[in-house]
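Here is the structure we will look at, set down as structure tokens.
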There are 2 protein chains.
Amino acid sequence: MTAEVKPASLQLTERQEARRRRILHASARLASRGGFDAVQMREVAEHSSVALGTLYRYFPSKVHLLVATMQDQLQHMHETLRKRPPTEEDPATRVAQTLMRAFRALQREPHLADAMVRALTFADRSVSPEVDMVSRLTTAIILDAMGLEGPPTAEQLSAVRVIEHTWHSALITWLSGRASIAQVKIDIETVCRLIDLTAPTEHP
Amino acid sequence: MTAEVKPASLQLTERQEARRRRILHASARLASRGGFDAVQMREVAEHSSVALGTLYRYFPSKVHLLVATMQDQLQHMHETLRKRPPTEEDPATRVAQTLMRAFRALQREPHLADAMVRALTFADRSVSPEVDMVSRLTTAIILDAMGLEGPPTAEQLSAVRVIEHTWHSALITWLSGRASIAQVKIDIETVCRLIDLTAPTEHP
DNA sequence: CGAGTCAGTGAAACTCGTTCTAGGGTCGCG
DNA sequence: CGCGACCCTAGAACGAGTTTCACTGACTCG
């Protein structure tokens, strides 16, 4: 709806960076209990000691805010995963293991996960750049887990995209109580088999 | 939020069935132009000549309404697809072909597709039964396209679930303008390769 | 017939995302 | 020092989903 400039992206002052942090923190905290609905813009503003108008200057909508929150959380997760890379041999297994690890992390804060994922899939075109960023982060995590030597082939990128699709959608079905964790695990493992299919070097 | 009975599911009188139809029709029509946002409950009520309170008695929320609309549309599509089953030999190709056909149908009413899919992924636990129904319908369409002889194996069901995940998620990325139709096609074809992987009878 | 029940009606009320308005503070520059 | 240009605050206001409530009309069962 609003076609404003986004001050959030280009060099903020220290105070502004602090405000942004406070907002994201408040958003995550409110989401942690209560999920999507509990993240109310007035509440976020109040908890981060910022006027409502200012909140909207930083994040032009609730969905923008929650997608940015997800971005933030994903970055943390990426770093964490980097520190303890998967131990398995097989790339497909490594990816599956990594995603299940991420999944268990989300499990610890199911409401937060709910809020972020719902925002992500509910986002319309006006949030595309931010959603894209999240997508790139996810892709990076998966590619990292694959542990490729060179750059990925087009086929591998397709596989990664499909894995990502499955990851998001499986997450949603779990969050809405329509699939068990075991089911999610199976789905993840199933889709990760695609990686073997696209491996450039086969061993008989 | 509301834990009401659902009169919509158990035998309605003729007048009630007609009302329900009118509501679904109005919902689809409003969604067709304008998408999710254009489906305003007051408008739906007015266009279907029903009081707002009645609308809410039939569909306890906007999301319920749109998911029911999707159910309706999917049923139509299922019948249409039944009439002209895919021509290919290979099951994976048949499924991919079927899904792309469905995709092109949705393309014809992108706003409607947007409204329905957004509602579907935005649905919380209170809509689970209805979302599950949609999921079952989608599964049925895919299984039909596979053209199995006997009942599907557990492995095949996993593959179908993953295909479904990919289908939904790819649809979302397309609707939000983050992926081209070509990309969706590639993703669908990629994930459909899983079917070959799970075929009980292999040919060397 | 008469009372009870229950779907449907109409309108007002409430909530929360979003927008708007008015004013106050701060910083850099003449 | 003064003065714009911005950023920020406080709060009201608006819009749409949802809830509530008092009422009506039709149907049922005694």
Side-chain angles (χ1 to χ4, degrees), chain A residues 1-20 22-23 26-27 30-31 34-69 115 118-119 122-124 126-127, chain B residues 1-23 26-27 30-31 34-68 115 118-119 122-124 126-127:
Chain A
M1 300 288 150
T2 56
E4 293 293 316
V5 292
K6 286 166 291 176
S9 49
L10 286 108
Q11 25 153 29
L12 307 178
T13 71
E14 205 164 312
R15 297 177 82 74
Q16 288 175 324
E17 189 55 52
R19 267 198 204 94
R20 186 167 196 281
R22 283 207 308 278
I23 293 172
S27 163
L30 286 171
F36 190 89
D37 291 340
V39 181
Q40 302 190 0
M41 299 305 266
R42 287 174 237 261
E43 288 260 301
V44 173
E46 199 167 335
H47 279 54
S48 43
S49 307
V50 141
L52 190 57
T54 308
L55 172 53
Y56 272 94
R57 177 184 297 276
Y58 280 72
F59 302 97
S61 79
K62 175 168 172 172
V63 169
H64 281 84
L65 170 59
L66 283 171
V67 171
T69 305
R118 294 260 289 287
F122 192 61
D124 66 354
S126 72
V127 205
Chain B
M1 298 283 150
T2 55
E4 294 292 316
V5 292
K6 287 166 289 174
S9 49
L10 286 109
Q11 23 153 28
L12 308 178
T13 71
E14 206 165 310
R15 297 178 82 74
Q16 288 175 324
E17 189 54 53
R19 256 193 274 266
R20 197 183 133 83
R21 281 282 150 76
R22 284 207 308 277
I23 294 172
S27 163
L30 285 171
F36 190 89
D37 292 339
V39 181
Q40 303 190 359
M41 299 304 268
R42 287 174 236 263
E43 288 260 302
V44 173
E46 198 166 337
H47 283 256
S48 43
S49 308
V50 140
L52 189 56
T54 308
L55 172 53
Y56 273 94
R57 178 185 296 275
Y58 279 72
F59 302 96
S61 79
K62 175 169 173 171
V63 169
H64 282 83
L65 171 58
L66 283 171
V67 171
R118 294 262 287 288
F122 193 60
D124 67 354
S126 72
V127 205

Contact under 4.0 Å: A:Thr54 side-chain N or O vs D:dT9 OP1/OP2: yes

Rounded distance [0.5 Å steps], CG in A:Leu65 versus OH in A:Tyr58: 13.0 Å

Selection from C:dG17, D:dA16, D:dT9 that lies nearest to any side-chain heavy atom of A:Lys62: C:dG17

Nearest to side-chain heavy atoms of B:Ser61, which nucleotide of C:dG17, D:dT18, D:dT9: D:dT18

Residue B:Tyr58, side-chain heavy atoms: nucleotide from C:dG8, D:dC8, D:dT18 that is nearest: C:dG8

A:Val50 side chain, from C-beta outward: closest of C:dT18, D:dT9, D:dC8: D:dT9

Heavy-atom donor-acceptor pair, B:Arg42 side-chain to D:dT18 base, under 3.5 Å: yes

Candidates C:dG8, D:dC8, D:dG17 - which lies nearest the side chain of B:Gln16: C:dG8

Smallest separation among heavy atoms of A:Ala31 and A:Ala115, with atom names: CB-CB, 3.8 Å

Given DNA chain C, 5'-ward residue of the pair B:Ala51 and A:Val63, judged by closest heavy atom: B:Ala51

OG-CG distance between A:Ser27 and A:Leu66, expressed to the nearest 0.5 angstrom: 4.5 Å

Among C:dG8, C:dT18, D:dT18, the nucleotide that comes nearest once only the side chain of B:Arg57 is considered: C:dG8

Side chain of A:Leu52 - closest among D:dC8, C:dT19, D:dG17: C:dT19

Aromatic contact, A:Phe36 with B:Phe122 (centres under 6.0 Å): yes

Sugar-phosphate, base or nothing in reach of A:Val44, heavy atoms under 4.0 Å: nothing

